[in-house]
Amino acid sequence: MSVSFIRIDDRMIHGQTCTRWAREYPCDGLIAVNDKAATNNVLKSAYKAASGKKTFVWSLADFKKKSQKVLDSDTKYFLITKNPVDMAKVLVDDGFDCGLRTVIVGPCNDREGAVKLGNNQSITQEEADAFERMAKAGYTIKFALLPDVSIGTWDDFKGKFGY
C-alpha cells in the first residue's frame with residue numbers, strides 16, 4: 001500500500017504527525033498537498049525539516065499529475081492536506097483512491113465563522129460541505145488529535161451543519 005494514512009491538519013507537518021501517528025501507521029515519507037505551501041520556499045523547507053522523513057510539498061495540480069506514481073510506489077506515505085476542501089478535491093473530485101477509507105482530522109483552529117466541535121477542532125460550513133462530499137463518496141471521517149484522543153466521526157457532528 002502506497003499511502004498508509006490520510007490526515008487533514010491545519011499545521012500539516014509537525015512532530016506529532018511524524019512521531020505519534022507513525023507508530024500507529026508506519027510510513028517512509030510524507031506528502032503534503034497545499035497550493036500556498038507548495039509555492040512558498042520557506043514553508044516547504046520548514047515542513048521538510050519537521051519530519052526527518054522523505055517529504056514532498058505539492059500543489060493540488062502537482063499531486064494530481066503525480067498521483068499514479070504515488071500509487072505505484074513501494075514507499076508508504078502519509079497524505080496530508082491543510083483543510084477538508086483540499087482533501088475533498090484530492091479524494092472526490094480527482095478520484096485518488098489508495099484503498100484507505102478513513103480520513104483522520106486533526107487540528108482545525110478556531111476562527112470566525114467556524115463551529116467548535118471539540119478542543120482545537122472547529123470547522124466552517126464550507127469545510128462541512130467538503131466532509132459531507134467525502135462521506136457520500138464512502139469515506140469515514142474521524143476527528144482525532146491523537147490516536148487515542150477522538151471526539152467522534154462526521155456522523156456525530158453533521159447535524160450541526162444541516163446534514
Side-chain angles (χ1 to χ4, degrees), residues 1-27 29-38 43 47 50-51 53 55 57-60 63-64 67 70-71 76-163:
M1 179 184 305
S2 60
V3 174
S4 62
F5 184 62
I6 301 173
R7 182 168 173 87
I8 300 166
D9 187 328
D10 65 9
R11 299 171 297 176
M12 287 208 316
I13 300 172
H14 52 88
Q16 191 176 43
T17 301
C18 303
T19 56
R20 186 64 180 93
W21 284 102
R23 282 189 232 143
E24 307 291 322
Y25 304 94
C27 76
L30 303 141
I31 300 171
V33 181
N34 180 266
D35 287 346
K36 184 178 177 182
L43 279 177
Y47 287 135
S51 76
K53 295 183 180 289
T55 302
V57 182
W58 292 337
S59 68
L60 285 159
F63 183 79
K64 187 175 182 177
S67 62
V70 172
L71 290 173
K76 289 183 181 174
Y77 292 107
F78 280 6
L79 173 61
I80 306 166
T81 64
K82 189 173 181 66
N83 61 67
V85 174
D86 286 353
M87 190 61 80
K89 285 177 185 169
V90 168
L91 299 177
V92 180
D93 299 344
D94 295 342
F96 180 75
D97 185 357
C98 64
L100 297 179
R101 287 286 170 254
T102 301
V103 177
I104 304 294
V105 182
C108 308
N109 284 328
D110 297 343
R111 62 221 123 105
E112 194 172 321
V115 175
K116 188 174 185 71
L117 306 181
N119 181 33
N120 202 17
Q121 290 188 305
S122 300
I123 62 171
T124 65
Q125 185 64 49
E126 179 188 27
E127 292 167 338
D129 295 344
F131 284 130
E132 184 64 11
R133 288 188 329 122
M134 286 184 274
K136 284 185 172 170
Y139 289 90
T140 299
I141 313 298
K142 184 177 178 185
F143 295 88
L145 297 177
L146 292 166
D148 52 354
V149 182
S150 174
I151 61 169
T153 66
W154 174 238
D155 286 342
D156 298 321
F157 299 108
K158 67 183 185 178
K160 294 178 181 243
F161 300 93
Y163 293 108

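From a predicted model like this one, the values you see are computed outputs, not experimental measurements.
When all heavy atoms of G29 and K53 are compared, the closest pair comes out as CA-CB, 4.2 Å. Contact detail for Y47 and R11: the closest heavy-atom pair is CE2-O, 3.3 Å. Scanning all heavy atoms of the two residues, the minimum distance from T102 to I6 falls at O-CB, 3.9 Å. Considering every non-hydrogen atom in both G106 and R7, the closest pair reads CA-NH2, 3.4 Å. Taking all atoms of both residues into account, the shortest heavy-atom contact from D97 to G99 is OD1-N, 2.9 Å. Here the shortest heavy-atom pairing between A37 and L43 reads CA-CD1, 3.9 Å.
With hydrogens and angles ignored, the 3.5 Å screen pairs no side-chain donor or acceptor of S2 with any backbone N or O of K76. In terms of modelled atom types and a separation under 3.5 Å, the side chain of T55 and the main chain of L30 share no donor-acceptor contact. Although no hydrogens or angles enter the test, the distance criterion places no donor-acceptor pair under 3.5 Å between the side chain of Q121 and the main chain of K116. Remark: the backbone N or O of D94 is not paired with any side-chain donor or acceptor of K64 at under 3.5 angstrom. Using modelled atom types, no side-chain atom of D86 and backbone atom of T81 make a donor-acceptor pair closer than 3.5 Å. Checked by atom type and distance alone, the side chain of K82 pairs as donor or acceptor with a backbone atom of D10 at under 3.5 Å.
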Quiz item: Does the pair D148 and E24 meet the rule for a side-chain contact (heavy atoms from CB on, under 4.5 Å), with working shown?
Solution: CA-CA 10 Å; D148 52 354; E24 307 291 322; over 6 Å; no
Practice problem: With salt bridge (Lys or Arg N to Asp or Glu O under 4.0 Å) as the test, would you mind laying out the steps for R111 and E127 before giving the verdict? | Solution: CA-CA 13 Å; R111 62 221 123 105; E127 292 167 338; 2.9 Å; yes
Exercise. Let me see the working for V90 and L79 under side-chain contact (heavy atoms from CB on, under 4.5 Å), right down to the final yes or no.
Key: CA-CA 10 Å; V90 168; L79 173 61; 4.2 Å; yes
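Judged as a side-chain hydrogen bond (donor to acceptor under 3.5 Å, both in side chains), and not counting sequence neighbours, the contacts of D93 are R133. Applying the side-chain contact (heavy atoms from CB on, under 4.5 Å) criterion to P26, with sequence neighbours excluded, gives no partner residue. Checked against side-chain contact (heavy atoms from CB on, under 4.5 Å), S67 has the following partners two or more places apart in sequence or in another chain: F63, F96.
In this structure, OG on S4 lies 11.0 Å from OH on Y77, to the nearest 0.5 angstrom. Interatomic distance, I123 CD1 to N83 CG, rounded to the nearest 0.5 Å: 11.5 Å. Between the OG1 atom in T140 and the CG atom in L100 there is a gap of 11.5 Å [rounded to 0.5 Å]. Here the OG atom belonging to S122 is positioned 8.0 Å from the CG atom belonging to N109, to the nearest 0.5 angstrom. With rounding to the nearest 0.5 angstrom, the CD1 atom of I104 is 10.0 Å from the CD1 atom of I8. To the nearest 0.5 Å, atom CG of residue N34 and atom CD1 of residue I80 are 11.5 Å apart.
In this structure, F5 has its ring center closer than 6.0 angstrom to the ring center of W21.
The aromatic rings of W154 and F131 are tilted relative to each other, their planes meeting at an angle between 30° and 60°.
Side-chain contact between M134 and V92 is present, with heavy atoms from C-beta onward closer than 4.5 Å.
Using a 4.0 Å cut-off between charged nitrogen and carboxylate oxygen, K160 and D156 do not count as a salt-bridge pair.
Atom CD of E126 sits in a sparse spot, with 12 or fewer heavy atoms from other residues, nucleotides or ligands closer than 6.0 Å.
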